[in-house]
Amino acid sequence: VVKAKEPELAPLLYNSFKTPKVKKRNNFRVPTLEEVRRVFEEAAKISSCAAAMWGIMAETGVRFSHLRRAPLSGLQLDRRRLLLGETEGPKRQPLVFLTEGAARYLAEVYLPWRDKFLKMLQQKNSPRLFPCEELTIYKWLKEAREKAGLPWLEPRLLRKFNAQYLLDRGVDLADIAMLQGRALPSSLAITVEHYIQDYERRLRAIFDAHAPRVF
């Protein structure tokens with residue numbers, strides 16, 4: 001009506017206010033372990049790099065960006081852990097533990113594949129454990145998800161899957177936060193850092209007992 005009667009006034013009126021968009025919380029579907037494994041199996045047929053990253057993200061809840069930046073020197077297969085070096089800010093994660101299956105896959109499948117991959121690119125070495133380009137990894141994982149019939153199962157959901165899987169098995173929320181590298185409330189962080197000896201040992205025991213197995 002306004003536009004028809006006052007064409008110059010109409011855009012001023014329309015642009016004078018904005019309707020806030022309500023962001024829905026927890027508006028996502030958590031995949032099952034079987035669905036996560038199906039994507040892993042398809043990814044393994046495409047690229048060992050994609051499969052290794054997918055499996056580790058699912059088993060540990062590590063962020064994609066943190067894992068892709070992981071240094072090769074941080075891989076400690078004898079101790080079944082990967083040092084990430086992400087120690088600053090709220091999105092810190094100094095390390096992730098590796099299941100026996102993950103450590104075996106990295107040693108027997110991924111690392112030999114990595115050597116061949118670098119030779120193909122005529123590179124002697126790379127400081128990163130996963131030297132593949134980010135867009136290439138996303139492309140491989142998208143192909144794997146589509147072949148598995150699960151195009152909606154994006155990498156970002158693996159962190160949610162991991163947290164829900166651990167919670168359903170009775171793991172304490174504070175321990176889940178520690179395993180996924182979230183910044184804890186200050187009082188709890190002080191207790192862990194200054195008053196509890198070898199908290200990593202406790203987290204390792206929880207991880208070994210309850211982490212999902214993808215590899």
Side-chain angles (χ1 to χ4, degrees), residues 28-77 80-86 91 93 95-166 179-181 207 211-215:
F28 57 86
R29 174 186 167 189
V30 178
T32 65
L33 179 56
E34 174 60 29
E35 289 172 330
V36 172
R37 282 174 173 164
R38 277 164 53 191
V39 176
F40 170 78
E41 290 168 359
E42 293 297 335
K45 299 174 186 177
I46 299 170
S47 162
S48 296
C49 180
M53 289 200 63
W54 181 268
I56 293 174
M57 284 191 293
E59 291 189 345
T60 67
V62 64
R63 296 176 177 86
F64 178 92
S65 58
H66 286 184
L67 185 58
R68 188 175 169 274
R69 289 197 297 264
L72 177 63
S73 59
L75 181 61
Q76 299 178 341
L77 291 176
R80 285 198 293 114
R81 68 180 192 174
L82 174 60
L83 304 181
L84 300 171
E86 304 285 349
K91 293 184 178 181
Q93 193 159 16
L95 62 84
V96 290
F97 301 119
L98 300 173
T99 61
E100 291 183 0
R104 183 168 56 252
Y105 186 88
L106 289 174
E108 299 177 0
V109 180
Y110 173 68
L111 290 180
W113 179 93
R114 181 181 182 277
D115 290 339
K116 293 179 181 178
F117 178 77
L118 291 176
K119 287 180 181 178
M120 182 183 68
L121 297 180
Q122 296 182 346
Q123 295 183 19
K124 291 184 178 180
N125 211 333
S126 170
R128 294 203 311 264
L129 175 60
F130 299 101
C132 311
E133 293 295 330
E134 180 177 348
L135 291 179
T136 301
I137 299 173
Y138 274 121
K139 179 182 177 181
W140 286 335
L141 291 178
K142 180 180 179 181
E143 182 181 350
R145 286 157 34 216
E146 290 175 348
K147 287 186 175 180
L150 301 164
W152 57 270
L153 210 174
E154 299 179 4
R156 64 182 178 84
L157 292 177
L158 294 179
R159 190 165 169 81
K160 303 176 188 297
F161 156 77
N162 179 267
Q164 187 66 53
Y165 187 92
L166 294 175
L179 285 168
Q180 290 201 346
F207 177 81
R213 298 312 197 259
V214 176
F215 290 95

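Among residue pairs with one or both ends in residues 42-66, those qualifying as ring pair (Phe, Tyr, Trp, His ring centres under 6.0 Å) are F64-Y138; sequence neighbours excluded. Every pair passing salt bridge (charged side-chain N to carboxylate O under 4.0 Å, His left out) that includes a residue from residues 141-151 is listed here, sequence neighbours excluded: E143-K147. Within the structure, salt bridge (charged side-chain N to carboxylate O under 4.0 Å, His left out) pairs that include any residue of residues 98-110 do not occur (at least two apart or interchain). Counting only residues at least two apart or in different chains, salt bridge (charged side-chain N to carboxylate O under 4.0 Å, His left out) contacts with residues 39-53 comprise E42-K45.
Annotation: side-chain hydrogen bond (donor to acceptor under 3.5 Å, both in side chains) contacts of Q164 (sequence neighbours excluded): D168. The side-chain hydrogen bond (donor to acceptor under 3.5 Å, both in side chains) check on E86 picks up R69, with sequence neighbours excluded. Applying the side-chain contact (heavy atoms from CB on, under 4.5 Å) criterion to A70, with sequence neighbours excluded, gives L82, L84. Scored by the side-chain contact (heavy atoms from CB on, under 4.5 Å) test, L83 finds Q76, R81, L95 as partners (sequence neighbours excluded). Residues passing the salt bridge (Lys or Arg N to Asp or Glu O under 4.0 Å) test with R80, sequence neighbours excluded: D208. Take E134 and apply the side-chain hydrogen bond (donor to acceptor under 3.5 Å, both in side chains) test, not counting sequence neighbours, and it matches no residue. Qualifying side-chain contact (heavy atoms from CB on, under 4.5 Å) partners for P112, counting only residues two or more places apart in sequence or in other chains: none. Residues forming a side-chain contact (heavy atoms from CB on, under 4.5 Å) with A102 (at least two apart in sequence, or on another chain): E59, L98, T99, F215.
A tilted orientation is assigned to the rings of Y165 and F161, their planes being inclined by 30° to 60°.
Contact of the L75 side chain with the L111 side chain is registered, since non-hydrogen atoms from C-beta on lie closer than 4.5 Å. Using a 4.5 Å cut-off on side-chain heavy atoms (C-beta onward), F207 and L166 make no contact. Contact annotation: the side chain of N125 approaches that of R114 to within less than 4.5 Å [non-hydrogen atoms, C-beta and beyond]. For the pair L141 and P155, the minimum side-chain heavy-atom distance is below 4.5 Å. In this structure, the side chains of L158 and L153 come closer than 4.5 Å at one or more pairs of heavy atoms. At a threshold of 4.5 Å between non-hydrogen side-chain atoms, the residues C49 and W140 count as touching. Using a 4.5 Å heavy-atom cutoff, the side chains of R63 and R68 are not in contact. With contacts defined as side-chain heavy-atom distances shorter than 4.5 Å, the pair P212/N162 qualifies.
Within 6.0 Å of CG in L135 there are 12 or fewer heavy atoms belonging to other residues, nucleotides or ligands.
Between G55 and V214, the shortest heavy-atom distance links the atoms CA-CG1, 4.1 Å. When all heavy atoms are compared, the tightest approach of S126 to L72 is O-CD2, 4.1 Å. Heavy-atom minimum distance, L67 versus F130: O-CD1, 3.6 Å. The shortest non-hydrogen separation linking L118 to P131 is CD2-CG, 3.9 Å. Between S48 and Y105 the shortest heavy-atom distance is CA-OH, 3.6 Å.
At least one donor-acceptor pair under 3.5 Å links the side chain of R159 to the backbone N or O of G61.
M53 CE to S47 OG: the interatomic distance, rounded to the nearest 0.5 Å, is 10.5 Å. To the nearest 0.5 Å, the span separating CG on L157 from CG on L150 amounts to 11.0 Å.
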Let me see the working for V96 and L179 under side-chain contact (heavy atoms from CB on, under 4.5 Å), right down to the final yes or no. CA-CA 7 Å; V96 290; L179 285 168; over 6 Å; no
